[in-house]
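Structure first, commentary second.
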Amino acid sequence: MTDKLKNMYASIGLPRLIITCFFLIMLLMAPPLGLSITSLLGDSIRRWAMYGLLVLAMVPAVKCGIGLNFGISLGIVGGLFGATAVIELGITNPWLAMLAAMLIGLFVGSLLGIGYGLLLNKVKGSEMTVSTYVGFSVIAFMNMIWLTLPFKDGNLIWPIGQQGMRNTISLEGSFGLVLNNFLDFNIGDLHIPTGLILFFLLTCFAVFIFMKSKAGIAMSAAGANPTFSKASGINVDKMRVLGTAISTALAAVGIITYAQSYGFLQLYNAPLMMGFHSVAAVLIGGASLKDAKISHVIIGTFLFQGILTVALPVVNKILPEGNLSDVIRIIISNGIILYALSKTKGGSK
Amino acid sequence: MDNIKNRIYNFASENKVVILFVLLCIGGIYASGSPLTFVASELFTRIGRNGFMVLALLIPVLAGMGLNFGITVGAIAAQIAVFWVVYWGFEGITGFLLCLLMATPIAIFFGFLVGKLFNKMKGAEMIAGMVLGYFSEGLYLLFFLFIIGGVIPVYNDRLIITGGVGVKNTIDLAGNIKYSLDTVPMLTIIEILFFIIVISTIIKIVFNKVKETGLSFKKDLIILGVGAIVYALSFIPSIEAFLSTDRLLLLHAVIIGLVALVLMQIWYIIKNRFILKDMDYSMKKPIALIVLAAILYGLTYIKAIEEILLYVNLPVTTYLCIVALCMFNSMIIRTRIGQNMRTVGQSRVVANSAGIDVDKTRIIAMIISTVLACWGQLIYLQNIGTFSTYGAHTQVSLFAIASLLVGGASVQKATNKQAIIGVILFHTLFIVAPQAGKEIFNNAQLGEYFRVFIAYGVIAVSLAMHAWKTNIRPIDDTKKPARLKGQKA
Amino acid sequence: MEIEYLLNMDNISKEYYGNRVLKNVSLQVKPGEIHALMGENGAGKSTLMNILFGMPVIHSTGGYEGVVKINGEKVLIDDPHKAMDYGIGMVHQEFMLIPGFTITENIKVGREICKPTLLSHIFGRDLEKLDIEQMRKDAKKALSNIGLDINEYVKVAGLPIGYMQFVEIAREIDKTGIKLLVFDEPTAVLTESEADRLLEIMKIISSKGIAIIFITHRLDEVMAAADSITILRDGEFVARKEIKDTSAMDIAQLMVGRKVEKLVDNEKMENIRNLRDDDLALTLRDFYVNMPGEMVKGINLDIRKGEIFGIGGLAGQGKIGIPNGIMGLYETEGTANAFGKDLELDKLGNALDNGIAFVSEDRRGVGLLLDETIEQNIVFSAMQAKDEFLINFAGLKLYDKKRAREHALKMIELLDIRCTGPSQTAGSLSGGNQQKVCLARALTLNPKILIVSEPTRGIDIGAKKLVLEYLVQLNRQEGLTIIVVSSELVELRSICDRIAIVSDGKLATILEPDAADVEFGLAMAGSKKDGDKND
């Protein structure tokens, strides 16, 4: 019996246990403080589905062997480009706009992903170190691009000077909330954004199906055991590029889903740390540097976003000053990454 | 002829990063249209401000731990100390020394923890350092936003957010420790140095007597004598007047440097030729250097250069600190611990089998780097004069590491020279980029984004190059079948 | 009168997790002699040396039995540093050198000579200043002691491999009070002239009174340099001889010689095969493989259709490289031809397409996806290489769970894989059952040639017999051409029709399974005169 418990404990791990307990405590503290659990839950659910795709992007990356993809920023800028291009083109039908944005995002994202995958093949063993700074560099590079893209639409650019895009671009006239409002309903004050959830789960399912296909199985094998795969005639490098490209493309779609739910596009440095948050979420869900499952994505995103949404109002009730939620996010997300790193690269001589 | 061609080619390919950035800087200065005097004075301020931090990165590279992204932790240690010292109301150099006294043990403790952590993830120190930087930032925020005032009662309207919990966004250091180190007059330094020499000579003599090593202390006495003479000279009124300032005109600094160079070369020649009577000693190099010094001196009479030299004032103490750190870095390599670090850095397996305590050596390297980073942050803060509580440490590792890499360093090799060149190039770019952006694209923001991009980009490229090289090497080594076949035929 | 031995290891026994790897082994070395230590892989040489050096691997697994004496005094060495203190040094096979350091620095690594400084008085020895002059002098002396004339200030990086070995030796010599040096296969990485040079240096060292234990498998070198020899076999002591009283033939016989027990009774099986020299399954011509540690340096082989062909030899000699090269896992040169068709060796999976299946020697590393199910492991190669076990679904080739499950169940029954079911993970199986899963995957490809590398490594004796029997059965009933690569001569001699012995990446000879022990011994030990005869 104790053995069983110990095994369970070992498989869950201390940090996940702490995070889950923390989440539950926060949730239990809400009603006495006069907060509505249902509205908090509703918020958590919305943010869960909103961030989900960005976290899902970790699965193909880990599976194909490049490890946790800190470089999803490449996909994110691809998606942002798609979204801004759609506004510039003046597509006003929300569904059409979102579809077009996603297609452009997918295209740019996969293209960048292929190049990125080729780079990662050259730096095997240090993918994470390299990808972190490649991610940062891309954001910094895009800062210059956002400033100089010859877009003219008044919603995009600063009203003064007629040059350079705004920091935050409203999606009201475009595809803002189009998924959220699809078939949505309320139970009391619990709002369920059906379309958003459906889209998230559908994408999860698509990734699941892909992982069950010939290519998907080959990709997982290439990540899990490259020499084994070679012996079965699989081109490991190609599989890694495939995984990286899918991961990056998912991130492109992910940022569009995120933006439509948020209602705004955030350019410039806003997506700088999104890679870190996605990595943290999938780790909280139970993934490691070697393995990530879709269940890890679903659980991890919910826990991570749940804590942030629930903690913010709860803590604000207790400690009205400052923004503790942000601090908690930084500590949890980086703490869990550090924990995961120390677990895999154990004290070799 | 080919030889020269080859040498030029080799020089260019070895220094391609530096050459690229030199060109970029020249282009930037030209495009920005800023007066050279402005660029130079800004630059020398920034070297004094940031140089120390960049030099703090060298030791972990030596110990094979790569670029220490964890120096953020050292900066945090400094900031904790600065807050309390300001809160307690200490001022001037006293305040600065108190900061030093308080921050150092904290930094040693932090460095120890970082070292322990890095020992758990050998080979992944860099990514761990990055994440650790962010993680410690979280803890720092928790401490400054909630613990101070929330748990530890602190009452001070100037420092604490109205409401009593959390530290304000910026703390003005003017009137307490701003310029506290920069304004230490040269005279004080000479006094301090003199007393250090006296004390150390006494200690040495005592040790030699107690341990009966029988070593002669003639050399020590000579040093003591020279020290005493220099100290005595500083009492001559005209010299005293010159030394009692805290800034040194760049022109004077250059002349002092050139004179010192010439004197040193002459001493080398005398020592090797006439004292050691080493007739094989080649005089080419010292004479070339003396000629070079003369040419450089001549250059100072060129109008444009003279203008700069007469415009820029150096904070002497801060620059001396940087020089001292350079000396420390090159000296530690020649000690037992330095050699151990090099060995560990090159191969942990060999080090282990040679009986070197690998883990301990790495922890010491991290402690040294963290403490130096902490001091670097103190120097930075006292120079800049406003302490942005939640922003001062965030970009520390990014800019320091980018500077080092711009100077031509890599993950495996970094020298004092590269650090200094790197600081100069990187910060020149930083100074001129916004103005250049404005002149070329009519957009100053673009220049600012460009310099940030350069910082991230140079790190990304350098990390990728390092990983690439380590990947390629084993394949090259085993290109054997063809060779074996050749042998057979 | 009793002879004065420098080192005396009496009746040493060692057990790893109930597995006895050394049984009452003794080793005696006189001062200033070169003592060879020989034996096949797994004979217990390295365990014996680990005991001598007090390696942690020995003492964390319960220590050893027996007595170690140095200069007649009983000692307990339970820490490598103690071995150093007793004056025992090791010249490693993989160089413990730092390429970026100078020769001096490498010789003095960890033992730097320092001068005290002011700071070292206060903060301890760590801050002492290096005395580079003195270190150089020492290094120079050590180098000249072994008759080496190179500048002590050049970096090791550019040196020829042989010189690196000499630097290692110089480092050991430089240690004060060194009495015994162990050379672990020192000539394995050297060219012939370098090896000769090394033997000379060994003689110089021994003439200065330092004893040497010379671990090698090259008979010629033993005959040329050693004074005496100890031979081990299967963890047991076989003999200690003076070289002048013995011959190469003797030693070869002692190394291999054992009662040949047939592991498999293949005589009883119905044999309808018709092996013909002109009906070939696989031919290798001038075949080179760049597999680190198992280099193949030009091999010609003709393997007949329908035979069981064995490839033997000691570890590191290149036998493992042959199948890995054929499968395209490492860079190759030369040609490999299967059934009249040249393989495109640089194209991954080409061997699979040409009907060659491979069971790797590295079962856990290359052979299996440890975290995947047995079913996945069995069908994986066939699915990837031949598009089997897939269904088309909207343009996607999806995994056909139903057929894969059926096939896995069939294989589990056929090969008697002991498991809870096809969804058990491969990593949780025992070694023997893992091997059967690997075999099942290879067979699922319906190969025309099956290459099995180290078929019985790490599996128990019962499973061993089953696996070998099954191979013979496949060969006899299906007419499958099988190539067995193995370090264990007994198992090759039990089932093979012919056995090729590979030494130093080249073919030493091809022998019948019932050839004399001494022939196998000489071929494996790379005795040149014998190799020439068979060429």
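Everything numeric here is computed off the predicted structure, so don't read it as measured data. Per chain, numbering begins at 1; letters A, B, ... match sequence-line order.
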- Item | Backbone of C:Leu348 reached by a side-chain donor or acceptor of A:Asn235 within 3.5 Å | no
- Message: Within the structure provided, determine whether A:Phe228 and C:Asn377 are in side-chain contact (heavy-atom separation under 4.5 Å).
- Response: yes
- Item | Value rounded to 0.5 Å, distance of CG in A:Asn225 from CG in C:Asp371 | 10.0 Å
- Of the backbone (N, CA, C, O) and the side chain (C-beta and beyond), which part of C:Leu369 lies under 4.5 Å from a heavy atom of chain A, both, or neither? both
- Message: Out of C:Met327, C:Arg441, C:Lys347, return the one with the most heavy atom pairs under 4.5 angstrom to chain A.
- Response: C:Arg441
- Between OG of A:Ser220 and CZ of C:Phe380, what distance do you get to the nearest 0.5 Å? 8.5 Å
- Message: Heavy-atom count check: over 12 atoms from other residues, nucleotides or ligands less than 6.0 Å from C:Lys397 NZ?
- Response: no
- In terms of heavy-atom proximity below 4.5 Å to chain A, should C:Leu352 be classed as side chain, backbone, both, or neither? side chain
- Message: Need one label for C:Arg363: side chain, backbone, both or neither, based on atoms under 4.5 Å from any heavy atom in chain A.
- Response: neither
- Item | Atom of A:Ser232, atom of C:Ala385 and distance for their closest heavy-atom approach | O-CB, 4.5 Å
- For the pair A:Lys212 (side chain) and C:Leu398 (backbone), establish whether a donor and an acceptor sit closer than 3.5 Å, ignoring hydrogens and angles. no
- Cut-off 4.5 Å, heavy atoms of chain A, and the answer for C:Leu445 is neither
- Message: Contact between C:Leu396 and A:Lys214 at the side-chain level, heavy atoms closer than 4.5 Å - yes or no?
- Response: no
- Query: Yes or no on side chain to side chain contact (heavy atoms under 4.5 Å, CB included) for C:Gln376 and A:Ile217, after CA distance, side-chain angles and deciding distance?
  - Reply: CA-CA 9 Å; C:Gln376 279 274 356; A:Ile217 292 173; 3.9 Å; yes
- Heavy atoms from other residues, nucleotides or ligands near NZ of A:Lys124 exceed 12 (cutoff 6.0 Å): yes
- Query: At what distance, to the nearest 0.5 angstrom, does OG1 of A:Thr227 lie from CG of C:Asp362?
  - Reply: 7.0 Å
- Message: How about NZ on C:Lys410, more than 12 heavy atoms from neighbouring residues, nucleotides or ligands closer than 6.0 Å, or not?
- Response: no
- Item | A:Ala231 to C:Val366 - nearest heavy-atom pair and separation | CB-CG1, 4.2 Å
- Item | Atom CZ of A:Phe107 with >12 non-hydrogen neighbours under 6.0 angstrom | no
